Amino acid sequence: SRAPRWAIAHKFPAERAQTRLRAITIQVGRTGALTPVAELEPVTVGGVVVSRATLHNEDEIQRKDIRVGDQVVIQRAGDVIPQVVAVVPEMRPADSAPFVFPTACPVCGSDAVRPEDEAVRRCTGGLICSAQAVERLRHFVSRDAFDIEGLGEKIILEFWDERRVRSPADIFRLKETNGTQFPALQEREGWGEKSVEKLFASIEARRRIPLDRFVYALGIRQVGQATARLLAKHYVSLDRLMEGIEGARIVGSEAMGELLSIGGIGQSMADDLIAFFHEEHNRQVIADLRAAGVEVIDYQPPRVQASPIAGKTVVFTGTLESVTRSEAKARAEALGAKVAGSVSAKTDYVVVGADAGSKAQKARDLGVTTLTEQEWLDLVSAT
């Protein structure tokens, strides 16, 4: 959703430089992921002074045999993100030792485990881990989520340390608790009446938020902006979304089939959604936000002219000849239809192209109306 997948970019080779690796530190992200970071002797690469670079994960460190004290080759991937390309073995100190990746979270001390099928090691501390909690709050107020101006990384961390903000709902109670439960913000160094008023106004302006932005702000694993939009479009309201995902906990249920029928959502993502909404603490966060006056706006489909497929559920199967599947889906959505990935009793039309498979047969078994490509084109061109 952020970049065209069909595009190819030809780029000049990235400029490289050598420097010494002083240390390897571990950062803990909002999902608990432990990310190793190279602390470097500052060096200029492509006109920018670089002192830190990502090392991605423990496998990457082992594969490149990166050690503290090594002379390393640095480049800025895409002329933006600093990365360690390789080490210079002949300049390695005699007393160097392989880096041992921690098995405990450096922030809260909880176990850091690595699932068999993943490259990332994660802290199991959850919300007792302050690093995760602060990162989740930062994500919550970020531009593509609630977009609250004036609550940057530094302010969020200060409010956390003061226990002024410990959960997302606390943000919407800042005005209420200011000068009562906590010292007045106006008295802080660098703050004044105007800056406090601007912050409160920014928070107030975000009390009503569209469903897709709200879902993205929750910081659910694997759920980015595109997936949040898909969920909002399919379930329409927050209550329906939570109810549908709760029902999907039952393997083989209609609710699980409905969730997996959403294009772009597979079993792994469905598992993360179910795990998130099944967690009592996460449900409490949502309830607390509502109690603090946050209103989640139901998904509003784009306004379209009256069409015979408006409000209908359409499934495409097989190869279309006159248009691509993606073009046909986009056309259907523009005319107010909901495009699904699988056939169910709730499906209104199944458009059958060449070499159609089991979906066409299932539609016939369920008595769902099937259309040829030409019948479909005649239907949508009638609008």
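Just so you know, these numbers come straight off a predicted model, no measurement behind them. Along the sequence shown, the residues carry numbers beginning at 1.
In this structure, Glu279 does not pair ionically with Arg221, as no charged nitrogen and carboxylate oxygen lie closer than 4.0 Å. Here Arg164 does not pair with Asp170 in a salt bridge; the nearest charged N to carboxylate O distance is not below 4.0 Å. The pair Arg63-Glu60 meets the salt-bridge criterion, with a side-chain N (NZ, NE, NH1 or NH2) lying under 4.0 Å from an Asp/Glu carboxylate O. A salt bridge between Glu280 and Arg283 is present, with a side-chain N of the basic residue lying under 4.0 Å from a carboxylate O of the acidic one. Remark: Glu158 engages Arg188 in a salt bridge, criterion side-chain N to carboxylate O under 4.0 Å.
Closest approach of Asp348 and Thr369 over heavy atoms only: O-CB, 3.6 Å. Residue Val107 comes nearest to Ser130 through the heavy atom pair CG1-OG, 3.4 Å, listed as atom of the first residue, atom of the second, then distance. The two atoms that bring Leu40 and Ala53 nearest to each other are CD1-CB, 4.0 Å, heavy atoms only. Scanning both residues, Trp160 and Leu137, for their nearest heavy atoms gives CE3-CD1, 3.9 Å. Of all heavy-atom pairs spanning Val323 and Ala328, the tightest one is CG2-CB, 4.0 Å. Contact detail for Gly263 and Leu230: the closest heavy-atom pair is O-CD1, 3.0 Å.
Two residues are said to be in side-chain contact when any heavy atoms from C-beta on lie closer than 4.5 Å; Asp147 and Arg206 meet this criterion. At least one side-chain heavy atom of Pro93 sits less than 4.5 Å from a side-chain heavy atom of Asp70. Contact annotation: the side chain of Glu90 approaches that of Val88 to within less than 4.5 Å [non-hydrogen atoms, C-beta and beyond]. Contact annotation: the side chain of Phe146 approaches that of Ile209 to within less than 4.5 Å [non-hydrogen atoms, C-beta and beyond]. Annotation: side chain of Ile262 is not in contact with side chain of Met269 (no heavy-atom distance under 4.5 Å). When side chains are defined from C-beta on, Ile286 counts as touching Met242, because their heavy atoms get closer than 4.5 Å. Looking at Val351 and Val315, their side chains never come closer than 4.5 Å, going by heavy atoms from C-beta outward. Counting only heavy atoms from C-beta outward, the side chains of Ile203 and Phe172 approach each other to under 4.5 Å.
Two different hydrophobic clusters hold Val350 and Leu377 under the rule that ILVMFWY side chains link at heavy-atom gaps under 4.5 Å. A chain of hydrophobic side-chain contacts below 4.5 Å, direct or via other Ile, Leu, Val, Met, Phe, Trp or Tyr residues, connects Phe316 to Val380. Placement of Val314 and Val368 in two distinct hydrophobic clusters is found when ILVMFWY residues are connected by side-chain heavy-atom separations under 4.5 Å, directly or transitively. In the hydrophobic cluster analysis, where Ile, Leu, Val, Met, Phe, Trp and Tyr join through side-chain heavy atoms closer than 4.5 angstrom, Met256 is grouped together with Val223. Under a hydrophobic-cluster definition in which Ile, Leu, Val, Met, Phe, Trp and Tyr are linked whenever side-chain heavy atoms come within less than 4.5 Å, directly or via other members, Val120 and Ile66 are assigned to different clusters.
Taking CD1 from Ile61 and CZ from Phe99, the interatomic distance works out to 5.0 Å, rounded to the nearest 0.5 Å. For the atom pair Ile220 CD1 and Asp272 CG, the distance stands at 9.0 Å (nearest 0.5 Å). Note that the SG atom of Cys105 and the CD atom of Gln132 stand 7.0 Å from one another [nearest 0.5 Å]. Of the inter-residue distances, the one linking Arg121 atom CZ with Asp59 atom CG reads 9.5 Å to the nearest 0.5 angstrom. The distance from the CZ atom of Arg290 to the CD atom of Glu295 is 10.0 Å, given to the nearest 0.5 Å. Of the inter-residue distances, the one linking Ile156 atom CD1 with Arg136 atom CZ reads 14.5 Å to the nearest 0.5 angstrom.
Checking Ser322 against Glu373 by side-chain atom types alone, a donor-acceptor pair falls below 3.5 Å.
Side chain of Arg240 to backbone of Tyr235: a donor-acceptor contact under 3.5 angstrom is found. Looking at Ser253, its side chain does come within 3.5 Å of a backbone N or O of Gly247 through a donor-acceptor pair. A donor-acceptor pair under 3.5 Å links the side-chain atoms of Lys362 to the main chain of Val343, judged by distance alone. Of the possible polar contacts, one joining the Asn178 side chain to the Leu185 backbone as a donor-acceptor pair under 3.5 Å is found. Within the 3.5 Å criterion, the main-chain N or O of Val43 finds no donor-acceptor partner in the side chain of Thr19. Judged by distance alone, the side chain of Asp212 and the main-chain N or O of Ala232 form no donor-acceptor pair under 3.5 Å. Counting only distance, with no hydrogens or angles, the side chain of Ser202 and the backbone of Glu149 share a donor-acceptor pair below 3.5 Å. Side-chain atoms of Arg114 come within 3.5 Å of backbone atoms of Glu118 as a donor-acceptor pair (strictly under, hydrogens ignored). In this structure, Arg30 contributes its side chain and Arg138 its backbone to no donor-acceptor pair below 3.5 Å. For Thr180 (side chain) and Glu176 (main-chain N/O), a donor-acceptor pair under 3.5 Å exists by modelled atom type.
Residues forming a side-chain contact (heavy atoms from CB on, under 4.5 Å) with Glu39 (at least two apart in sequence, or on another chain): Ala23, Thr25, Val37, Arg52.
Environment of NZ in Lys64: crowded, with over 12 heavy atoms of neighbouring residues, nucleotides or ligands closer than 6.0 Å. Other residues, nucleotides and ligands contribute only 12 or fewer heavy atoms inside 6.0 Å of the CG atom of Asp355. For Leu366, the CG atom is densely surrounded, since the number of other residues' heavy atoms within 6.0 Å is greater than 12.
The aromatic rings of Phe159 and Trp191 sit tilted relative to each other, their planes meeting at an angle between 30° and 60°.
Each of Val73, Ile74, Leu21 was evaluated against Val84; a single residue qualifies, Ile74, per the side-chain contact (heavy atoms from CB on, under 4.5 Å) test.
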Worked verdict on Leu289 versus Phe214 for side-chain contact (heavy atoms from CB on, under 4.5 Å): CA-CA 11 Å; Leu289 280 165; Phe214 182 83; 3.8 Å; yes
Evaluation steps, ring-ring contact (aromatic ring centres under 6.0 Å, His included), between His139 and Tyr216: CA-CA 9 Å; His139 174 78; Tyr216 174 69; 4.7 Å; yes
From CA spacing to verdict: side-chain contact (heavy atoms from CB on, under 4.5 Å), Met91, Gln18: CA-CA 11 Å; Met91 299 182 70; Gln18 282 191 23; 4.1 Å; yes
